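One structure is given here, and the rest of the page talks about it.
Each chain gets a letter, A, B and so on, in the order the sequences are listed, and its residues count up from 1. Keep in mind it's a predicted model, so treat the numbers as computed, not measured.
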Protein chains: 2
Amino acid sequence: MKQETRKEEIIRVAAKLFKEKGYSAVTMRDLASEMGIKAASLYNHINSKQDILDTIIISLAEEFTEGMHIIQSSRENCIGKLKQIIQLHVKISSQNIYGMASLNNDWMHLKTKRDYYKKLRVDYEDDFRGILKEGIASGEIVDVNPEVMMFSILTTLRSLYIWIPKKEDLNLEELSSTLNQILIDGINK
Amino acid sequence: MKQETRKEEIIRVAAKLFKEKGYSAVTMRDLASEMGIKAASLYNHINSKQDILDTIIISLAEEFTEGMHIIQSSRENCIGKLKQIIQLHVKISSQNIYGMASLNNDWMHLKTKRDYYKKLRVDYEDDFRGILKEGIASGEIVDVNPEVMMFSILTTLRSLYIWIPKKEDLNLEELSSTLNQILIDGINK
DNA sequence: TTAACAAACTAACAATTGTTAGTTTACATG
DNA sequence: CATGTAAACTAACAATTGTTAGTTTGTTAA
């Protein structure tokens, strides 16, 4: 079990505050106070407020990109790949509840890394859409506007971080399979 | 066609900026500059920055509450009510693309009206969940955790404001019926 | 004991924040 | 012309912002 460095601890606490109030509304004094130190002391460990946000968002975005590449190169059919995507989101979101908030809501406050982030996101969505189109072509999934299909599934998955903490009783395997059922088979009987 | 007052114009422009950068990151000078005037001049029309946010969020939240009450008192069955809810979200979101961003992302910056907003939201979710539970009981919809079902549908609907502007070609009737199909019947063939 | 280093501190900075006070301008109504 | 009003302006404020410089403290290694 690797020890958490002081820098990692600051980033973790920052992510928690960013989730509660958003990046812009969190001051370095807020963050320092939560750490039990003075604001200036933070700079022994981190370079800037901006750097904290960059780290939180980019590391998560790259994790999703990596997961998508693995799924794409798997030999599953389309529905199988979708189920793997759902699992990927459940896994990453549950392990990074706080960071997911920044990824969703504060990416526009990136500066030098903003274009890189956007490329990762666009590529991810292209891959996702590609899987859906393949499924339509092969007759695996229903022939409906793939854009709306992707939107519907992806926004649900991207918002998982809001709901997961509320349901500590619900285990993650169960959540994944319930989401599979709802997102893929619908709710109609 | 009622003329837009200067105050309404400021609120509309503010909502647009809030969508781009979030409430906290938008300064009164940003807003004034977008209006083509000086920051101090804004105060001839509005009371405070906080007031602008209150107005944007509460008016939208009340609009959703009102819509839900009408749907609940209708004589539709459960699936019919769900379709009406989808229509409600498509309608309000398309008419208030900017405001919806504040409703989703900046409600935590409400002060005196925060508890009132939270009550509206909790009540709305209770009503929504009630419709789902009724549908499960009557055998209309599949017997799956209603919490996850609501989460899935509601987050998709709440995020509509992100996607609607990108697809100007897609008309709203069509979007509603595509969403009906995807959210209710799923994507599996 | 001494040297090195991690990690805290105090004090201060220049810039930016929301907001107020008081004034000016332009136009419509009597 | 005189008056009232809507809507802009300039100037300034006290508070807060992210950050830097320089210093102190406590622990570890030689």
Side-chain angles (χ1 to χ4, degrees), chain A residues 2-58 98 101-102 105-114, chain B residues 2-58 98 101-102 105-114:
Chain A
K2 187 171 158 286
Q3 246 313 91
E4 184 182 44
T5 68
R6 197 77 169 129
K7 177 174 183 175
E8 286 163 348
E9 191 185 356
I10 290 172
I11 292 172
R12 176 173 55 80
V13 171
K16 181 178 148 206
L17 296 184
F18 291 168
K19 188 195 171 204
E20 286 166 14
K21 310 203 295 173
Y23 173 74
S24 302
V26 174
T27 71
M28 296 303 276
R29 285 165 181 83
D30 289 340
L31 175 53
S33 163
E34 190 77 12
M35 293 287 302
I37 59 178
K38 299 287 175 180
S41 306
L42 293 169
Y43 289 83
N44 284 319
H45 309 281
I46 54 104
N47 295 320
S48 63
K49 189 188 178 189
Q50 184 71 58
D51 248 33
I52 297 175
L53 186 70
D54 292 354
T55 304
I56 293 170
I57 291 181
I58 297 300
Y98 301 135
S102 298
N105 304 320
D106 285 318
W107 59 266
M108 72 283 274
H109 298 118
L110 294 175
K111 293 212 156 66
T112 61
K113 310 224 160 167
R114 192 167 146 165
Chain B
K2 188 170 157 286
Q3 245 313 92
E4 185 181 43
T5 68
R6 197 78 169 126
K7 177 174 181 175
E8 287 163 348
E9 191 186 353
I10 290 173
I11 292 172
R12 177 173 53 81
V13 171
K16 182 179 147 204
L17 296 184
F18 292 168
K19 186 194 172 205
E20 287 166 14
K21 309 203 295 174
Y23 172 74
S24 301
V26 174
T27 71
M28 295 304 276
R29 284 165 181 82
D30 290 339
L31 176 52
S33 163
E34 190 78 10
M35 293 287 302
I37 60 178
K38 299 288 175 178
S41 306
L42 293 169
Y43 289 84
N44 284 319
H45 309 282
I46 53 104
N47 294 320
S48 65
K49 188 187 179 190
Q50 184 70 60
D51 249 33
I52 296 175
L53 185 70
D54 293 354
T55 304
I56 293 171
I57 291 182
I58 297 299
Y98 301 135
S102 299
N105 304 320
D106 284 320
W107 59 267
M108 72 281 274
H109 297 118
L110 294 175
K111 293 213 155 68
T112 61
K113 311 223 160 169
R114 189 166 151 168

Carboxylate-amine/guanidinium proximity below 4.0 Å for B/Asp30 and B/Lys21: yes
Please confirm whether the shortest side-chain N or O distance from B/His45 to OP1 or OP2 of D/dA7 is below 4.0 Å. yes
Interatomic distance, A/Leu53 CG vs D/dG18 P [rounded to whole Å]: 13 Å
Applying a 4.0 Å non-hydrogen cut-off, can you work out what A/Arg29 is touching in the nucleic acid: base, sugar-phosphate, or nothing? base
Can you tell me which nucleotide in C/dC9, D/dA7, C/dA7 comes closest to the side chain of B/Arg6? D/dA7
Nearest-Å distance, CG (A/Leu42) to P (D/dT17)? 14 Å
Which whole-number value in Å describes the distance from B/Leu17 CG to C/dT17 P? 13 Å
Between C/dT19 (C1') and B/Asp51 (CG): distance, integer Å: 13 Å
If you pin B/Ala39 and A/Tyr23 to their nearest nucleotides in DNA chain D, which one's is more 5'? B/Ala39
Distance below 4.0 Å between A/Lys49 side-chain N/O and D/dG18 OP1 or OP2: yes
What integer distance in Å separates A/Asn47:CG from D/dT20:C1'? 13 Å
Which whole-number value in Å describes the distance from B/Ile46 CD1 to C/dT19 C1'? 10 Å
Looking only at C/dC9, C/dG18, D/dT10, the nucleotide nearest the B/Met28 side chain is C/dG18
For B/Lys38 and C/dA21, give me the distance from atom NZ to atom C1', rounded to whole Å. 18 Å
If you check every side-chain atom of A/Ile37, which of C/dA8, D/dA8, C/dG18 has the closest atom? C/dA8
Student check: side-chain heavy atoms of B/Lys16 and B/Glu34 closer than 4.5 Å: yes
Determine the minimum heavy-atom distance between A/Ile11 and A/Thr55, stating which atoms define it. CD1-CG2, 3.9 Å
Side-chain heavy atoms of A/Asn47 within contact of A/Ile52, under 4.5 Å: no
Distance check needed: D/dA7 P versus B/Glu9 CD, whole Å only. 10 Å
Side-chain contact test, heavy atoms from C-beta onward, threshold under 4.5 Å: evaluate it for B/Ile46 versus B/Lys7 and give yes or no. yes
Closest-nucleotide mapping onto DNA chain D: is A/Tyr43 or B/Asn44 further toward the 5' terminus? I mean the 5' end. B/Asn44
Under 4.0 angstrom, heavy atoms only, what part of the nucleic acid is B/Ser41 near: base, sugar-phosphate, or nothing? base
